[in-house]
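The structure appears right after this line, and notes come after that.
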Amino acid sequence: MYPTVAEALALPVVRRGEPTVVAGAAGMGRRVRWVHVAEVADIAHLLRGGELVLTTGIALPDDPDGLRRYVADLASVGASGLVVELVRRWSDQVPGALVAAAEQHGLPLVTLARETRFVSVTEAVVSLIVDAQLAELRAAEQVHEAFTALTVAGAEPAEVLREVARTAGLPVVLETLGHEVLAYDAAGQDPTALLADWGQRSRAVAVSERTAYHAQAGWLVTVVGARGADWGRLVMVSPDPPPHRHVVVAERAASALAVHRLVARDRESLERQTHRTLLTQLLGQPPHDLPTRAAALGVPLERRQLVGVAIRPGTAAAPAQALASQEVLRDLAEATALAARRVTVPALVGVVDDTSVRALLSLPPQAALDGVLRRLAREVHRRAAATQHALPVVVAVGTTVTALPDVRRSLGEAAHVAGAALRSPGTGLYHRLDDVRLRGLLHLLRDDERVLAFADRELGPLLARDGNQGSRLVELLRCFCEHGGNKSAAAAAAHLSRTAYYQQLSRIEQVLGVSLEDPESVLSLYVALLVQEMGERDPQLPRPPTPAT
């Protein structure tokens with residue numbers, strides 16, 4: 001907020017004195033905190049630093065050693081510059097010893113060829129300082145208002161960082177204390193360059209205060225946290241030392257982020273939100289900078305073994321829990337992330353739908369996959385059982401891939417295996433495609449139009465009947481098939497009396513024109529039901545055509 005020596009010399013009242021910089025030109029960017037008129041040689045001990053000293057030179061020493069000592073004393077207390085009026089003591093130029101000493105210490109030495117009213121210089125420079133301070137205060141007030149509004153509105157971290165980048169015009173990154181990037185705004189710059197090798201670069205930047213500028217890295221760093229629980233750092237990339245208003249921006253943004261975390265502590269954590277965003281993009285059309293962003297989170301995606309994993313709560317003994325609440329899934333996601341960290345497996349972990357937690361494991365090419373999966377699955381089971389819901393879980397694993405475009409297939413396959421294993425969980429720590437037998441085979445054939453057409457032929461009339469009359473014949477048929485043709489058990493699962501259920505089975509036989517006493521007919525219908533169920537679980541897969549009404 002203070003003007004530089006060069007800005008002070010540019011004032012009209014100083015220019016009228018015809019100023020000339022005779023030494024210390026490299027220090028013209030020094031800040032002027034105050035202007036001090038001094039006509040004594042031993043003035044240094046009365047200064048506090050940042051003063052522009054004005055003198056006529058009448059009381060300065062005559063000998064070269066005294067002049068050199070005078071300049072050295074000014075430099076030692078941090079004076080910003082020395083201005084000498086060439087009227088009373090020296091008429092043409094200052095002594096060479098004074099010039100040499102000023103150059104040696106980098107202290108700007110300025111001469112005024114014309115008589116100048118020092119009081120006018122003082123007033124002008126002080127006015128410049130006061131105006132700058134007022135402008136800084138107004139800017140700080142605007143920053144406070146902007147971030148207070150964001151805090152009250154419950155703004156998400158991305159909105160807070162967007163305001164930081166807009167206000168300061170600088171890139172900003174929010175990271176964990178483990179130096180993993182949670183969110184960022186590149187302020188129009190290249191995000192790939194911003195995040196490249198972020199973890200390594202960030203670990204090299206240590207600051208001793210809650211807010212500090214690291215000159216070597218060009219980073220303004222602010223610790224983020226509240227109530228003594230720090231959880232992250234906000235980094236503004238500032239090649240030059242930041243002005244005070246940028247410090248205010250960083251600190252107010254850190255406060256807004258800390259408040260958001262306190263308010264949203266019962267919702268999904270910021271780390272899970274970030275992972276969920278990347279997983280969602282991997283399931284769709286990944287942007288070009290996704291590998292860089294994932295690497296900044298500590299999960300490299302290039303030249304790695306990539307394995308999709310799905311974790312579902314509930315078992316066949318607890319079907320009501322199959323469609324989990326968001327609270328259950330959030331807890332399960334945190335448990336899975338902790339498990340991955342415990343076995344030191346880099347992983348993106350998040351909730352991307354209403355049924356399961358998805359994870360993408362990133363392993364080195366030489367890693368022994370089966371051993372890693374066993375350790376991870378065992379830890380997931382243990383931590384899931386330790387959550388407040390204490391649910392058993394099904395862990396399913398997709399095909400191992402090495403290319404980013406194939407990740408979607410691995411994640412989707414894991415979700416399908418989890419759905420299949422949920423109905424016949426078995427006893428393994430985790431499930432693969434070949435563990436789910438018929439469902440696994442149908443998953444492999446899920447894109448085959450002939451399979452879809454088969455399902456349509458088998459179930460088409462029943463689906464049409466349910467659609468037209470609002471009946472639940474398909475559901476009742478599924479109960480029959482899943483209970484192996486045991487009508488009593490199927491009736492109980494359907495919450496119907498045996499008499500009513502038997503009547504519905506007769507209606508199903510009439511609509512389809514088949515006998516449910518025929519094992520082959522029952523098998524064909526069950527396969528068709530599995531195909532239909534597969535399409536319902538994954539909206540990205542083609543489905544059997546809707547029957548005409």
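We number each residue from 1, following the sequence as shown.
- None of Arg233, Arg203, Arg201 except one satisfies the salt bridge (Lys or Arg N to Asp or Glu O under 4.0 Å) rule with Glu175; the exception is Arg233.
- Taking 4.5 Å as the limit, every side-chain heavy atom of Val235 sits out of range of all side-chain heavy atoms of Leu220.
- Side-chain atoms of His483 come within 3.5 Å of backbone N or O of Cys479 as a donor-acceptor pair.
- Nearest heavy atoms, Ala489 versus Asn486: N-OD1, 3.1 Å.
- Residues satisfying the salt bridge (charged side-chain N to carboxylate O under 4.0 Å, His left out) criterion with Glu180, sequence neighbours excluded, are absent altogether.
- Nearest heavy atoms, Ala396 versus Ala418: CB-N, 3.3 Å.
- Closest approach of Val307 to Ser410, counting heavy atoms only: C-OG, 3.8 Å.
- A salt bridge is absent between Asp331 and Arg383: the closest approach of a Lys/Arg side-chain nitrogen to an acidic carboxylate oxygen does not fall below 4.0 angstrom.
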| query | Are Thr222 and Glu251 close enough, and set up right, to give a side-chain hydrogen bond (donor to acceptor under 3.5 Å, both in side chains), and what steps lead you there? | reply | CA-CA 6 Å; Thr222 302; Glu251 292 178 338; 5.7 Å; no
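- Checked options Val407, Leu278, Leu360; the residue passing with Leu301 is Leu360 (criterion: side-chain contact (heavy atoms from CB on, under 4.5 Å)).
- For the pair Thr211 and Val221, the minimum side-chain heavy-atom distance is 4.5 Å or more.
- Taking the charged nitrogens against the carboxylate oxygens, Arg478 and Glu475 have no contact shorter than 4.0 Å, which rules out a salt bridge.
- Using a 4.5 Å heavy-atom threshold, the side chains of Leu473 and Gln504 count as touching.
- Although no hydrogens or angles enter the test, the distance criterion places no donor-acceptor pair under 3.5 Å between the side chain of His214 and the main chain of Ala206.
- Residue Arg498 places its CZ atom among 12 or fewer non-hydrogen atoms of other residues, nucleotides or ligands, all under 6.0 Å distant.
- Distance check: Leu332 CG to Arg330 CZ gives 12.0 Å after rounding to the nearest 0.5 Å.
- The closest side-chain heavy-atom distance from Tyr502 to Ser488 is below 4.5 Å.
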| message | Set out, in order, the CA-CA distance, both residues' side-chain angles and the distance that settles side-chain hydrogen bond (donor to acceptor under 3.5 Å, both in side chains) for Gln305 and Thr402, then state yes or no. | response | CA-CA 5 Å; Gln305 295 186 78; Thr402 56; over 6 Å; no
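- For the atom pair Leu523 CG and Glu458 CD, the distance stands at 9.5 Å (nearest 0.5 Å).
- Counting heavy atoms from C-beta outward, Glu334 and Arg272 have side chains that approach closer than 4.5 Å.
- For the atom pair CD of Gln503 and CG of Leu476, the computed distance is 12.0 Å after rounding to the nearest 0.5 Å.
- A donor-acceptor pair under 3.5 Å links the side-chain atoms of Arg472 to the main chain of Ala494, judged by distance alone.
- Taking every heavy atom of both residues into account, Pro346 and Arg304 meet most closely at CG-NH2, 3.9 Å.
- For Arg382, the side chain to side chain donor-acceptor pair (under 3.5 Å) criterion is met by Glu379, not counting sequence neighbours.
- At least one side-chain heavy atom of Thr176 sits under 4.5 Å from a side-chain heavy atom of Leu182.
- No side-chain donor from either of Arg507 and Ser471 sits under 3.5 Å from a side-chain acceptor of the other.
- Taken to the nearest 0.5 Å, the CG atom of Asp406 stands 9.0 Å off from the CG atom of Leu306.
- Rounded to the nearest 0.5 angstrom, Leu257 CG and Leu161 CG are separated by 6.0 Å.
- Here the CZ-CG distance, from Arg465 to Leu459, works out to 15.0 Å after rounding to the nearest 0.5 Å.
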Pair up each side-chain donor or acceptor in residues 286-300 with any protein partner under 3.5 Å, not counting sequence neighbours, and list the distances.
{"unit_1": "Asp289", "atom_1": "OD2", "unit_2": "Tyr184", "atom_2": "OH", "d": "3.0"}
{"unit_1": "Arg293", "atom_1": "NH1", "unit_2": "Gln281", "atom_2": "OE1", "d": "3.2"}
{"unit_1": "Arg293", "atom_1": "NH2", "unit_2": "Gln281", "atom_2": "OE1", "d": "3.3"}

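- Counting heavy atoms from C-beta outward, Arg358 and Asp353 have side chains that approach closer than 4.5 Å.
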